[in-house]
Amino acid sequence: MNETPAVVLDDAGVVVAISERAALLLECSPGQICAPLLDLPARAAAEAPTVVLPVTTPGGAHAGQEAQVPQVCTVVRLAARTSGASDAAPHWLVLLTPVETATATAGPDSERRRTGLAHAAAASIGVSLDVTDMAQVLVNLLVPDFADLATVDLAEPVLVGDEPPHLHASDDVRLRRAASAQSPGISAEDLLPVGEALPPVPDTEVMRPLMAGRPVLVSDVAELRAELGVDPETLRLFVPTGAHSSVAVPLYARGLILGCVTVWRSQLPSAYDEADAALLQDVASRAALGVDNARRYTKEHRSALALQRSLLPHSVVNTAAADTAGVYQPAGGGVGVGGDWFDVIPLPSLRVAFVVGDVVGHGLEATAAMARLRTAVQTLADLDLDPGELLTHLDDLVLGFSSEHMAGASRAEPAVLGATCLYAVYDPVTKQCAAATAGHPPPALLPPGRSRTSWA
């Protein structure tokens, strides 16, 4: 199958990502403004989140070939406004098809929309390692072209990184609303808001396919209201006013129900059919793998964070030489916790040692390696070495740890591939502070009587 040229643009027309064929065709690279497609985001925003626009693009000219190739561009909005969420700068997925091919293969409008949704799902699902972000990306893809309202409900253990239990009846499932998106003009005030837990649903015939990993297609919402088996007050939390058809698909991965994605139509005139249900199931299967990966990352992040916090000293340590205060702030941006540590070590003669260090890497291995180095520093500090000599011994230990790991002699122990450390000793009697650093930034010196804010 030939690859469809695809480009992801931001609102300014800058290329965020581009396929190889599209790069050759458009002569554009990531980070550059794509001149042939520059006005597409504005035109798509003004007309509809998905439009077909004829443009003329360079033909990826080879020697002696300067022909211009007319293209049909399908533009799909990858981020949408959602109720209760701050506006996100949208990205736009542009799919390019030669006019001749587009004319020969163009089908009904619904087919075009399905194709655009499938390509958008492939391009955007799985890029986040946050479970709720993943759920929001999914509903943003579905509204408003495929659905007037879309919700994602996740099993409560999944939201904290745990694996949900194997369940066989819907009344045992405990879900929490993780994301929601709706078209303008849709009334959904009575629906369960994001963050709230869903009330239990009886194990009825209409719910059983979901427990087996299959979609539930509802072409008449009136029948769903009658078959759902809940009281009218609870029913308003599940079913939006004015909806005429719906599809619910489980987020099913590795034999486990991670959650459920549900779409509703009220303003879109056509009712959902089997093809729509199959498409949503395909999109949901991609999303389920993304959610499961994000769940596992969340679990590792929590484990590493708990381990690191348990290994670090209390934030406030009072000694005869000094009163200290510290704070541990995990890094953001997806890298999570790692091998950073600090320590306060009382020494003989009222002196006190201050330590700040960082092991290369992130995750559980870096945290465990940090524990080895922290223990080594505490042991060396008992020898009452000066800072430079202590760091020399610590460097020898790091080299030894790395050599053991590379030789396979200590595979049960985490590798220490590199680290930085600052070691300082303060003597309150002489009021002198001696410090040495091994690759770590030096300490900040604050004059007496000056606050950190005024000094900065």
* Donor-acceptor contact present, side-chain Arg177 to main-chain Gly195, <3.5 Å -> no

* To do: Could you tell me whether the side chain of Leu149 reaches within less than 4.5 Å of the side chain of Ser180, counting heavy atoms only?
  => yes

* Structure fact -> Heavy-atom nearest pair, Ala248 first then Thr262, reads CB-OG1, 3.9 Å

* To do: Answer yes or no: is there a side-chain heavy-atom contact under 4.5 Å between Val377 and Asp343?
  => no

* Verify, without hydrogens or angle tests, whether Thr420 (side chain) and Gly357 (backbone) share a donor-acceptor contact under 3.5 angstrom. => no

* Check whether any side-chain heavy atom of Arg225 sits under 4.5 Å from a side-chain heavy atom of Val221, and report yes or no. => yes

* **Least distance between heavy atoms, Pro164 atom then Ala155 atom** => CB-CB, 4.1 Å

* Asked: For residues Arg265 and Ser270, is any side-chain donor paired with an opposing acceptor at under 3.5 Å?
  -> yes

* To do: May I ask you to decide if Asp273's main-chain N or O and Asp276's side chain share a donor-acceptor pair within less than 3.5 Å?
  => yes

* Between the side chain of Ser19 and the main-chain N/O of Ala6, is any donor-acceptor distance below 3.5 Å? -> yes

* When you measure from the side chain of Glu196 to the backbone N and O of Pro193, does any donor-acceptor pair fall under 3.5 Å? -> no

* Asked: Does some side-chain heavy atom of Leu154 sit less than 4.5 Å from a side-chain heavy atom of Leu251?
  -> yes

* Asked: Do Trp341 and Val355 come close enough that some side-chain heavy atom pair is under 4.5 Å?
  -> yes

* Structure fact -> Tightest non-hydrogen contact, residues Glu156 and Ala197, listed as OE2-CB, 3.7 Å

* Structure fact -> Between Leu228 and Met207 the two heavy atoms that sit nearest each other are CD1-SD, 4.0 Å

* Asked: What do you reckon, is CD of Gln32 surrounded by more than 12 foreign heavy atoms closer than 6.0 Å?
  -> yes

* Structure fact -> Residues passing the side-chain contact (heavy atoms from CB on, under 4.5 Å) test with Pro199, sequence neighbours excluded, are Thr234, Leu237, Phe238

* Indicate yes or no: at least one non-hydrogen side-chain atom of Leu258 is less than 4.5 angstrom from one of Tyr252. => no

* **Under the side-chain contact (heavy atoms from CB on, under 4.5 Å) test, residues paired with Ala294 that sit two or more places apart** => Val131

* Asked: Okay, side chain of Asp148, backbone of Leu268: is any donor-acceptor separation there less than 3.5 Å?
  -> yes

* Heavy-atom distance under 4.5 Å between the side chains of Val344 and Phe354, does that happen here? -> yes

* Asked: Rounded to the nearest 0.5 Å, what separation is found between the CG atom of Asp340 and the CG atom of Asp358?
  -> 4.0 Å

* To do: Before giving the answer on side-chain contact (heavy atoms from CB on, under 4.5 Å), spell out for Leu9 and Val14 the whole-Å C-alpha distance, their side-chain angles and the decisive distance to 0.1 Å.
  => CA-CA 5 Å; Leu9 303 172; Val14 176; over 6 Å; no

* Kindly indicate whether the side chain of Val194, heavy atoms from C-beta on, has any atom under 4.5 Å from the side chain of Thr132. => no

* **Closest contact, heavy atoms only, Pro240 versus Leu191** => N-CD2, 3.8 Å

* Chi angles and distances behind the side-chain contact (heavy atoms from CB on, under 4.5 Å) call for Val283, Val261 -> CA-CA 10 Å; Val283 172; Val261 53; over 6 Å; no

* Can you name the closest pair of heavy atoms from Ala35 and Cys28 and give their distance? -> N-SG, 4.5 Å

